[in-house]
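Throughout, a chain's letter reflects where its sequence line sits, starting with A, and its residues are numbered from 1. The structure displayed is predicted, hence computed values, not measured ones.
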Amino acid sequence: MKNYITTPIYYVNGEAHIGHAYTTFIADSLARYSRLIGNETYFLTGTDEHGQKIEESAQKQNKPTQIFADEISATFRNLWNEFDISYDQFIRTTDETHKTGVQAAFEKMYAKGDIYKDFYEGNYCVSCETFFPESQLMDGGCCPDCGRATTIVKEESYFFRLSKYEKPLLDYYEAHPEFILPKSRRNEVISFVRGGLNDLSVTRTSFSWGVHLPASLNEPKHVMYVWLDALMNYVTALGYGTDEANMDFWPANVQLVGKDILRFHAIYWPAFLMSLDLPLPKHIAAHGWWTRDGEKMSKSKGNVVDPREVSQHYGAENFRYFMMREVPFGQDGDFSQRALIDRMNSDLSNDLGNLLNRIIGMSEKYSNLLVDSADVEKFHAKELNDAHAVLATLEPYFYELQLHRYLEELWKVFSIGNKAIEEHAPWVKIKEGRTDEALATVALVANLLAKASVMLHAIMPKTTATIADALGFEITTESYNDLIIHKGLLKPFTIKKVPPLFPRVEEPLMQEAPKAMSEEAPKVELKQMDDKKVSTVAEEGVITIDQFFQTSIKIGTVLNAQEVPKSSKLLKLHVDLGEETPRQIIAGIREYYSAESLIGTQVCVVANLKPAKLMGMLSEGMVLAAKDSEGLSLIRPEKPRLSGSSVG
RNA sequence: GGCUGGGUAGCUCAGCUGGUUAGAGCGCUGGUCUCAUAAGCCGGAGGUCGGGGGUUCGAGUCCCCCCCCCGCCA
């Protein structure tokens with residue numbers, strides 16, 4: 001079977017970040033898995049280098065555009081090389097073969113009548129390389145995507161008849177429910193297409209850094225729209241429009257994209273392919289974003305995760321394991337050193353690494369490091385069966401891109417191993433003279449580790465190669481067939497003593513990201529939790545003194561305060577109300593008060609409010625504050641009072 | 001505002017077409033072994049399944065209303 005896997009080509013307007021790494025890790029894992037199980041596999045990545053933005057960035061740096069593109073492109077390629085990404089080709093849209101291929105495609109679409117010449121007038125955002133209709137612009141004519149100013153551009157342009165493909169696309173989505181993954185994204189695309197598709201302007205005359213139109217059209221002023229240019233890379237890489245050398249890999253099996261560029265890949269791209277009479281890829285798979293410590297990453301906050309830095313401190317494959325294991329495909333993930341460390345310690349050190357050490361230790365003591373599978377089936381048929389049952393369930397997860405589930409299931413094999421050792425206690429058997437039984441248990445675990453390593457190989461290629469080496473075999477398609485498909489066992493071997501593969505990590509190894517106070521502070525209405533209660537109690541806006549005193553307001557001293565992750569509004573406070581334990585109060589005041597500034601100060605707290613959960617945390621009270629258009633002001637005692645003093 | 005998806009243990013989530021005491025991993029906690037990376041194994045605590053109505057012999061699972069969160073579109 002032929003299997004073609006692609007990442008998007010990355011735009012060379014900035015350096016690689018965790019998002020690029022994530023996409024590439026997934027794609028690499030898919031490619032490695034595909035090769036392991038014996039598929040003929042082609043894995044493509046590369047860089048997208050055309051467009052006005054690149055031209056301008058190069059000018060700013062006073063560099064020829066090509067040199068600028070060369071440099072940034074190289075940073076991506078170098079990073080992937082450092083990460084041992086197993087790409088078969090690194091395409092660049094400035095490659096001559098690519099340009100030729102795109103021109104061939106353009107010619108074909110034109111000949112078919114899918115591309116025609118007209119005029120385009122509209123508000124153009126240089127940064128996003130996109131025209132926006134008047135109705136979509138923000139105040140002052142700014143771009144709805146990036147917020148930068150747009151300019152009115154009228155230019156001669158060629159158009160692609162996207163409207164013609166509205167119906168065929170909808171039919172295709174309908175007939176191929178697995179085309180767009182995950183499903184939630186599919187709904188978005190369908191509803192977008194149902195809203196109607198306009199023809200797409202696919203050439204520009206306002207700049208020149210792009211693929212020129214085919215000579216046959218004699219249009220030297222025009223260059224191609226970057227997205228037409230860029231999307232075509234997936235087939236020009238296989239030789240479309242040139243030597244066609246690898247076109248038998250088309251259609252692609254999985255084309256990975258970030259959720260931000262799904263629309264281009266799920267609408268424009270299949271429409272282009274239909275126009276070219278090429279089959280559509282099996283899956284367009286959109287993954288989510290990463291945040292850090294619950295916050296969006298941005299350069300201005302200085303909390304961007306540098307994949308190189310993480311890998312230097314924690315190990316590239318550990319990082320990679322973490323990303324694959326932590327997040328269901330399509331969902332956003334959160335990177336934190338704590339989460340990474342927890343994963344490494346509990347999954348890698350405790351379950352996997354320690355298990356290997358256990359059998360190294362035993363075989364050294366009991367059999368001079370010799371491991372023989374001869375008696376495994378005799379004494380451990382059950383464990384072996386259980387493990388094979390687990391291994392047999394794994395494959396679909398990979399095809400569904402559910403790598404986190406894949407790994408979760410795979411880990412059951414290590415659990416079987418750890419339990420088997422416990423249950424059969426080889427150290428006891430040895431004392432009883434039942435050496436063959438003890439050694440069978442060791443051999444069982446060696447085989448479990450071997451099998452699991454094979455299945456983990458796509459995610460952690462180097463680490464699993466080390467394990468395999470220690471267990472006297474090599475991870476290849478042959479050993480996959482032998483150990484997994486045919487449920488074979490390891491030949492007798494001498495186990496190699498290796499130092500712990502995953503030393504436990506106790507403390508964060510990297511400097512923490514600066515805790516950014518939300519500097520943009522969007523004006524959002526604070527949720528007044530008790531608005532409704534007050535209004536129901538207060539008929540006609542008047543209450544009795546008794547009703548008022550139903551509310552217990554007390555003076556509290558803030559002992560501790562910290563930002564609530566994933567929330568721009570909330571602070572978590574620990575407030576002393578003179579009770580045995582301080583109250584935890586989640587207060588929506590973060591936009592106006594920093595956590596530090598509150599510690600040690602006094603506030604007024606509604607003490608008998610029914611506890612409520614905010615962002616999953618219990619809030620045992622409400623801090624009183626006054627609010628107007630200027631913002632929020634906490635109500636505080638004029639002079640310090642004892643914690644717990646009542647107000648009224 | 002319109003349309004998706006979702007709100008289940010401290011955290012991250014599983015729970016197919018409604019059916020015994022609602023599950024997993026991590027975390028917490030009690031116990032225990034000693035081959036091992038203070039790892040492993042066994043046990044435990046912890047959930048009015050967002051709220052309210054309804055259908056049903058029976059609802060986390062179906063219907064209606066409401067609240068909240070993410071996303072897409074306006």
* From the list B:C35, B:G71, B:A39, which nucleotide is the closest neighbour of the side chain of A:N354? -> B:A39

* Just checking A:I360: base, sugar-phosphate only, or nothing, at a heavy-atom cut-off of under 4.0 Å? -> nothing

* **Separation between the C1' atoms of B:G44 and B:G18, rounded to whole Å** => 32 Å

* Asked: Would A:E408 and A:R405 pass as an ion pair if we require N to O under 4.0 Å?
  -> yes

Shorter than 3.5 Å, N or O on both sides, protein versus nucleotides 22-33 of chain B: list them out with atom names.
from, atom 1, to, atom 2, distance (Å)
B:C33, O2, A:E422, OE2, 3.4

* Which whole number of Å gives the distance between the C1' atom of B:A24 and that of B:G15? -> 10 Å

* Rounding to a whole Å, what distance do you find between A:N345:CG and B:U37:C1'? -> 9 Å

* A:H176 and A:Y172 aromatic ring geometry - parallel, tilted or perpendicular at 30°/60° bounds -> parallel

* Asked: For the pair made of CD1 in A:I467 and P in B:U37, what is the distance, rounded to whole Å?
  -> 16 Å

* Asked: Taking the side chain of A:M362 as its heavy atoms from C-beta onward, which of B:C35, B:A39, B:A36 lies nearest to it?
  -> B:C35

* Interatomic distance, A:L448 CG vs B:G40 C1' [rounded to whole Å] -> 15 Å

* **Selected nucleotide, minimal atom distance to A:K419 side chain, candidates B:C42, B:U37, B:G40** => B:C42

* Classify the nucleic acid contact of A:P426 as base, sugar-phosphate or nothing, counting any heavy atom under 4.0 Å across all strands shown. => nothing

* To do: Answer yes or no: is there a side-chain heavy-atom contact under 4.5 Å between A:L471 and A:V371?
  => no

* So, A:T466 versus A:K462: side-chain donor-acceptor pair below 3.5 Å or not? -> no

Side chains of residues 180-187 of chain A: which donor-acceptor partners sit under 3.5 Å, not counting sequence neighbours?
from, atom 1, to, atom 2, distance (Å)
A:R185, NH1, A:E188, OE1, 3.2
A:R185, NH1, A:E188, OE2, 3.4
A:R186, NH2, A:Y173, O, 2.9

* Asked: With under 30° as parallel and over 60° as perpendicular, where do the rings of A:H17 and A:H20 fit, or are they tilted in between?
  -> tilted

* Strand-adjacent residues in residues 363-375 of chain A, judged by heavy atoms under 4.0 Å from RNA chain B -> A:K365, A:Y366

* **Separation between the P atoms of B:G2 and B:A45, rounded to whole Å** => 46 Å

* Looking for any heavy atom pair under 4.0 Å, which part of the strands does A:G353 touch: base, sugar-phosphate only, or nothing? -> base

* Pairwise C1' distance, B:C28 and B:C67 [rounded to whole Å] -> 32 Å

* Which residues satisfy the salt bridge (charged side-chain N to carboxylate O under 4.0 Å, His left out) test with A:E166, sequence neighbours excluded? -> none

* **Separation between OH of A:Y268 and CD1 of A:I261, rounded to the nearest 0.5 Å** => 13.0 Å

* Asked: In chain order, what residues pass the side-chain hydrogen bond (donor to acceptor under 3.5 Å, both in side chains) check against A:D171, with sequence neighbours excluded?
  -> A:K167

* Asked: Any side-chain donor-acceptor pair under 3.5 Å between A:H404 and A:Q331?
  -> no

* Nearest 0.5 Å please: distance from the CZ atom of A:R343 over to the CG atom of A:D347. => 5.0 Å

* To do: Could you work out the separation of B:C49 and B:C62 based on their P atoms and round it to a whole Å?
  => 15 Å

* To do: Taking only Lys NZ, Arg NE, NH1 and NH2, and the carboxylate oxygens of Asp or Glu, determine whether A:K412 and A:E409 approach each other closer than 4.0 Å.
  => yes

* Structure fact -> Per atom distances to the A:N187 side chain, the nearest of B:G71, B:A36, B:G5 is B:G5

* To the nearest Å, how far apart are A:W411 CH2 and B:G40 P? -> 14 Å

* Asked: Rounding to a whole Å, what distance do you find between A:I190:CD1 and B:G5:P?
  -> 12 Å

* Considering only atom P, compute the distance from B:G47 to B:C41 and round it to an integer number of Å. => 26 Å

* Could you give the distance separating B:U29 and B:A36 at their C1' atoms, to the nearest angstrom? => 24 Å

* **Length of the line joining A:I586:CD1 and B:C68:C1', which is rounded to integer Å** => 16 Å

* **Separation of A:E377 CD from A:K382 NZ (nearest 0.5 Å)** => 15.5 Å

* 5'-most by nearest nucleotide on RNA chain B - A:Q331 or A:P503 -> A:Q331

* Structure fact -> Here the helical stems involving RNA chain B, each at least 3 consecutive Watson-Crick or G-U pairs closer than 3.5 Å, sorted by first residue number, are B:1-3 with B:71-73, B:5-7 with B:67-69, B:10-13 with B:23-26, B:28-32 with B:40-44, B:50-54 with B:62-66

* Earlier contact from the 5' end, RNA chain B, for A:F414 and A:K259 -> A:F414

* Is there a side-chain polar atom (N or O) of A:R504 under 4.0 Å from OP1 or OP2 of B:A38? -> no

* Using whole Å, report how far NZ of A:K296 lies from C1' of B:G71. => 13 Å

* CZ of A:F329 versus P of B:A14: gap in Å, rounded? -> 16 Å

* Determine the Euclidean distance between corresponding P atoms of B:U20 and B:C33; express it in Å to zero decimal places. => 40 Å

* Asked: Heavy atoms under 4.0 Å, any strand shown: does A:R405 hit a base, just sugar-phosphate, or nothing?
  -> nothing

* State, yes or no, whether a side-chain contact exists between A:T463 and A:L348 at a heavy-atom distance under 4.5 Å. => no

